[in-house]
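All remarks here apply to the structure that follows.
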Amino acid sequence: MVKALAVPIELLLAPIIVETQQARRLLLYVLTLTAVLMLGSLRGWPQALPSGEPTVTLGIEVNLPDRAVFYIPVVGDGEILGIVPFPEGPLAGIRITPRMRLDSVKIEVSALAAAKKKLSEATCQELRSWKSEDAGTYEGKKDESVVLSGLRRLGLPVFEVKVVQAYGPPPGGFHHPYANSSAFCGCNFLEPRSIILDGRPASGVAGTLTYPDAGKCAEISGCGQCCRMAVPASVHQGSMTPDQVNTAGWDKGWTNLVNDVEQTFTPTLSKLVGVEVQLVVGNAGAAEDHLTLTVLDATGRTVTVLTESVQTADCDQVMFVIPQGGVEVAPGQTYRLKLSGGTTFGWKYIVGGYEKGAATFNGKPLLPNERSTFLFRTFGAE
C-alpha cells in the first residue's frame, strides 16, 4: 500500500475555462475532486478537524490586474496571508492579510519595499516583518466587495476584493494533516496558461491550490505566495470566544504606555482566557518593546499579569493569552486592563465606543470633556 503523503501538496490539474464567480467556485471543487482521484490509492487522513484548529468560514477573492483570482482563506487573526509580487518597479509586491472578526473580515494591505533579497526567497516571518508602507485597512462582510483604493496613491494597480464563503472539498475529499479542509490558498485563471510548477514549465493549467504548513510559504504559480504563520496553539483553543469588543472607528487617537493607562470592562463569561489590544508605533526607532498587561478587579486586586515582546512591524493587534486555560472572573462585575511599556508604542483610543467601560489616564478620564475608550477585545469561556 502506498503511504499517505505527509507534506504540503500543490496540484496541477486539467484545463477549465472560468468565466464567472460561480464557475470559479465550482472550479475549486473540481480541483479538489481531481486531487481525490489522483490520490485514490493513498490512505486518507481523518476527516475530523484537528484539535486546536481554528474554524474557517470565510475567505477573500483578490482580483489581480491580469484577471487571475487569488483566493486566501481567513484563518484566525491573520494566520494566513498572501503576497502578490511585482517583478519590476520600485516596490517588491503587496502583502494582503485577512483577519477574522465577529461576522466580518478585516483586510490589511501593505506595499513591500524592494530589497536585495527576493520575496520568493524570504521566510514566512521575514515577509511578515518586511519593510513596507501602509496601503489601507478595509472591512467587509460575506458577499461584500471592497476596493483597495489605498494602492492608488502608491502608484500601484487597484485591486478589488470580495469576501466569500470559505471553499471546501466535497465529502470524503483530501485533507491536509495540519490544516482543515477550508484552509487552502488557490489561484484561478480565466483561461488556460503556462505556469511554473516546482521549477518546471507546465501548460494548459486552469488553477493551482496548496495547503501551506505552519511557519512556511508556498508558491502559487500565477498569483504569488501564500504564507501560514506559526501561531501558538493556545491562541486556537476551541473554548476561546470573543466576549467584550471595542475595535471599530479609530480616528488616529493614541496615548503612550509610560503613564498609567487603563480600560475598564465588564465580562459576560465566567473565565477570561485572552486579551487583544490595538497599538500604533508612537515613536519609531526601536524594533520592539516589552509590554505588560495587568488585569485587576474593581478593588485593585491583581487577577493576572502577562508580558509580551512586541515587534514594531506587527503591533496592530497584540494578543495576550492567559496560560493554563485562563482565570476566573465574575460576569457583570467591573475589571480593569492596565497596559504598560516604554515610549515605542501607543494604545489606540476613540471618542465614545464601548459602553460597559471607559479609558483612564493616571486615574482620571483620558479626555477631560468626552468619554473615551481604548481599542481592545477580551476572550472568554464558560
Please determine whether the number of non-hydrogen atoms from other residues, nucleotides or ligands lying under 6.0 Å from atom [atom1] of [X] exceeds 12.
X	atom1	answer
R152	CZ	no
K141	NZ	no
E355	CD	no

Same cluster (ILVMFWY, side-chain, under 4.5 Å), [X] and [Y]:
X	Y	result
I60	V56	yes
W250	M319	no
L156	I107	yes
F320	L269	no
I72	F86	yes

Exercise for review: Could you please spell out the steps behind the side chain to side chain contact (heavy atoms under 4.5 Å, CB included) verdict for Y349 and L367?
Suggested key: CA-CA 10 Å; Y349 70 82; L367 300 179; 3.8 Å; yes
I want to check something: taking the side chain as every heavy atom from C-beta on, are [X] and [Y] in contact at a cut-off of under 4.5 Å?
X	Y	answer
T344	N283	no
V109	V161	no
T294	S340	no
L339	L293	yes
Q244	Q263	no
E144	V146	no
T343	N256	no
L306	V275	no

Exercise for review: Verify whether one side chain among T247 and R101 offers a donor that lies under 3.5 Å from an acceptor in the other.
Suggested key: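 Short answer, no.
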**Study point:** N246 and T373: side chain donor to acceptor below 3.5 Å
**Key:** yes
[Y] backbone acceptor or donor facing [X] side chain under 3.5 Å:
X	Y	result
T307	T292	no
R377	P242	no
Y71	F184	no
T312	A287	yes
Q165	T57	yes

Once rounded to the nearest 0.5 Å, what's the spacing between atom [atom1] of [X] and atom [atom2] of [Y]?
X	Y	atom1	atom2	result
L272	L337	CG	CG	7.5 Å
H290	E308	NE2	CD	10.5 Å
K338	L257	NZ	CG	11.5 Å
Y138	I96	OH	CD1	10.0 Å
T334	F265	OG1	CZ	9.5 Å
K142	D103	NZ	CG	12.0 Å

Please report the closest heavy-atom contact between [X] and [Y], naming both atoms and the distance.
X	Y	result
W130	L112	CD1-CB, 3.7 Å
T97	G78	CG2-CA, 3.8 Å
L375	A248	CD2-O, 4.2 Å
A68	C187	CB-SG, 4.4 Å
A111	A135	N-CB, 4.5 Å

Exercise for review: For M100 and L58, run side chain to side chain contact (heavy atoms under 4.5 Å, CB included): C-alpha distance rounded to whole Å, both residues' side-chain angles, the deciding distance at 0.1 Å, then the answer.
Suggested key: CA-CA 8 Å; M100 192 68 204; L58 297 175; 3.6 Å; yes
Provide the full list of salt bridge (Lys or Arg N to Asp or Glu O under 4.0 Å) pairs with a residue in [range], sequence neighbours left out, each pair given once.
range	answer
residues 240-251	none
residues 285-294	none
residues 358-371	none

Practice item. Would you mind listing every ring pair (Phe, Tyr, Trp, His ring centres under 6.0 Å) that reaches into residues 356-382, with sequence neighbours excluded? Key: W347-F374, Y354-F376
Exercise for review: Look at the SG atom of C217 and the SG atom of C226, then say if they are under 2.5 Å from each other.
Suggested key: no
Practice item. Return the set of residues passing salt bridge (Lys or Arg N to Asp or Glu O under 4.0 Å) with K348 (not counting sequence neighbours), or none when no residue passes. Key: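 With neighbours one apart ignored, the set is D316.
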Exercise for review: Dump the intermediate steps for side chain to side chain contact (heavy atoms under 4.5 Å, CB included) on C124 and K216, then the final yes or no.
Suggested key: CA-CA 6 Å; C124 192; K216 303 292 184 181; 5.9 Å; no
Practice item. Start with the C-alpha gap between V69 and N63, add the side-chain angles, then the distance that decides, and say whether side chain to side chain contact (heavy atoms under 4.5 Å, CB included) holds. Key: CA-CA 5 Å; V69 177; N63 292 280; 3.6 Å; yes
Point to revise | F159: partners by ring pair (Phe, Tyr, Trp, His ring centres under 6.0 Å), with sequence neighbours left out | key: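 Not a single residue meets the ring pair (Phe, Tyr, Trp, His ring centres under 6.0 Å) criterion with F159.
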